[in-house]
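Read the structure below first, then the notes.
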Amino acid sequence: MPWWAWGAFFVFIAGMLALDLGVFQRNAHAVTMREALGWCAVWGALAVAFGGIVWWWRGGEAGQQFLAAYLVELCLSVDNVFVFILIFAFFKVEPRYQHRVLFWGIIGAVLTRGAFILVGVGVIARFHWVLYLFGAFLVYTGVKLALPSGGDDEVDPGKNTAVRFFRNHFPVSESFHGENFFVQLDGRRVATLLFIVLIVVETTDVVFALDSLPAVLAITKSGFIALTSNIFAILGLRSLYFALSGIMQLFRFLKIGLAVILVFIGVKMLAERWVEISTGTSLLVIGSVLTTSVLMSVLIPQPPSEKK
């Protein structure tokens, strides 16, 4: 992929982020459902448009790979939303400050996943057998996610290793100070509780990246397509959080759908030597499972015993 394509993409992303934080989110405020849905539509439209450009420029196969990778990363992002809800509830973060945490958390996620993907592409190019390890890991993750005890219910931000390490080496205030990550108290620079929340969000995303890397590399071996699809999904994550946080419990079959998708991709990786599954077929399966899980969540009433 030519260097100017990478440069143009990152200049565009930087411009959109500057517009988001510097113009639309200049003043801390609670993001409304209407605003969140609007930004979901914007990022979704940009991702589809970018996929169309890739299709026109690099051919139908590359375009389908981008769309399939984007859908998978979007599904994985839904699982992130549930964890963010737990984190913000645990620390009692006011809604008007949540956007700032997610903004900088996602900047870190872009850098982390970018490094993971580029390293992963290089490793697979040298050691093809690593794909089978990735495939087995995805099948294991999917099965675990489908089990009642699986998933993210066990997340406890209070036991975060990175937080404990930071507290031991840097002074931390036990309270929030508006939207500030650091403040001056008694003549010394102190991290606020909001910065601790940011650390938890960042380190939690590293765990999610372990699922993200093999999932996207099962669909495409192109570093450019893998990274751009991942970034588009991540950048839409903030809006997705604010749009879904209040109604997340209604889509209870999304986790099962994600588990099915992860198992399908894992099996595809394990069987690629003997069975070739086209990108178009993968895209159809991913889209069908996602649509079915949403429709089942909406159409099948929740049993009274499961309601909180």
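Ile107 contributes atom CD1, which lies 11.0 Å from atom CG of Leu198 (distance to the nearest 0.5 angstrom). With values rounded to the nearest 0.5 angstrom, Phe264 atom CZ is found 4.5 Å from Ile277 atom CD1. In this structure, CG in Leu194 is found 8.5 Å from CG in Asn180, a value given to the nearest 0.5 Å. For the atom pair CD1 of Ile87 and CD1 of Ile199, the computed distance is 12.0 Å after rounding to the nearest 0.5 Å. Distance CZ/Phe116 to CG/Leu227: 13.0 Å, rounded to 0.5 Å. Remark: Glu179 CD to Tyr97 OH distance equals 7.0 Å, nearest 0.5 Å.
The number of heavy-atom neighbours closer than 6.0 Å to OH of Tyr140, taken from other residues, nucleotides and ligands shown, is 12 or below. Heavy atoms from other residues, nucleotides or ligands lying under 6.0 Å from CH2 of Trp3 number 12 at most. Residue-environment remark: CZ (Phe182) exceeds the threshold of 12 foreign heavy atoms within 6.0 Å.
Side-chain atoms of Met269 and Leu138, non-hydrogen and from C-beta on, do get closer than 4.5 Å to each other. Contact annotation: the side chain of Arg113 approaches that of Glu73 to within less than 4.5 Å [non-hydrogen atoms, C-beta and beyond]. Between Phe88 and Val101, the closest side-chain pair of non-hydrogen atoms falls below 4.5 Å. Inter-residue side-chain proximity for Ile196 and Val172 is flagged as met; some heavy-atom pair is nearer than 4.5 Å. Residues Val216 and Val72 form no side-chain contact, since every pair of their non-hydrogen atoms from C-beta on lies 4.5 Å or further apart. Phe195 is listed as a side-chain neighbour of Phe166, based on a closest heavy-atom distance under 4.5 Å. In this structure the side chain of Val42 reaches within 4.5 angstrom of the side chain of Trp39, judged on heavy atoms. You'll find the side chain of Leu262 stays beyond 4.5 Å of the side chain of Val139, heavy atoms only.
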Point to revise | Candidate pair Asn230 and Ile117, rule side chain to side chain contact (heavy atoms under 4.5 Å, CB included), full reasoning | key: CA-CA 9 Å; Asn230 212 291; Ile117 288 173; 3.5 Å; yes
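Aromatic pair Phe50/Phe232: ring centres closer than 6.0 Å.
Contact record, Gly44 with Tyr70: CA-OH, 3.8 Å, taken as the closest heavy-atom pair. Between Gly60 and Trp55 the shortest heavy-atom distance is CA-NE1, 3.3 Å. Taking both residues in full, the closest heavy atoms of Glu94 and Arg96 are given as OE1-NE, 2.8 Å, listed atom of the first, atom of the second, then distance.
Val48 and Trp56 fall into different hydrophobic clusters, where Ile, Leu, Val, Met, Phe, Trp and Tyr are joined by side-chain heavy atoms under 4.5 Å apart, directly or via other members. Both Phe170 and Phe91 are members of a single hydrophobic cluster when ILVMFWY side chains are connected at heavy-atom separations under 4.5 Å. Using a 4.5 Å cut-off between side-chain heavy atoms of Ile, Leu, Val, Met, Phe, Trp and Tyr, with links allowed through other members, Val267 and Val143 fall into the same hydrophobic cluster. A continuous path of ILVMFWY side-chain contacts below 4.5 Å connects Val263 to Leu133, so both sit in one hydrophobic cluster. Hydrophobic clustering keeps Phe165 apart from Val163 (ILVMFWY residues linked when any side-chain heavy atoms are closer than 4.5 Å, directly or through intermediates).
A side-chain donor-acceptor contact under 3.5 Å links Lys268 to the backbone of Ala218. Of the possible donor and acceptor atoms, none in the side chain of Glu174 sits under 3.5 Å from a partner among the backbone N and O of Leu193. Using modelled atom types, one side-chain atom of Gln64 and one backbone atom of Gly280 make a donor-acceptor pair closer than 3.5 Å. Side-chain atoms of Ser229 do not come within 3.5 Å of backbone N or O of Phe66 as any donor-acceptor pair.
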List the atom pairs, with distances to 0.1 Å, where a side-chain N or O of residues 5-18 and a protein N or O form a donor-acceptor pair under 3.5 Å, not counting sequence neighbours.
none

Show every donor-acceptor pair shorter than 3.5 Å between a side-chain atom in residues 219-226 and any protein atom, with sequence neighbours excluded, or say none if there are none.
unit_1, atom_1, unit_2, atom_2, d
Thr220, OG1, Gln65, OE1, 2.9
Thr220, OG1, Ser222, N, 3.0
Lys221, NZ, Leu217, O, 3.3
Ser222, OG, Phe224, N, 3.4
Ser222, OG, Ile225, N, 3.3

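Arg100 forms a cation-pi arrangement with Phe181, by the criterion of a distance under 6.0 Å to the ring centre and an angle within 45° of the ring axis.
When only modelled atom types and interatomic distance are considered, Thr281 and Ser278 share a side-chain donor-acceptor pair under 3.5 Å.
Other members of the cluster containing Val190 are Val183, Leu185, with ILVMFWY side chains joined at under 4.5 Å, either directly or via other members.
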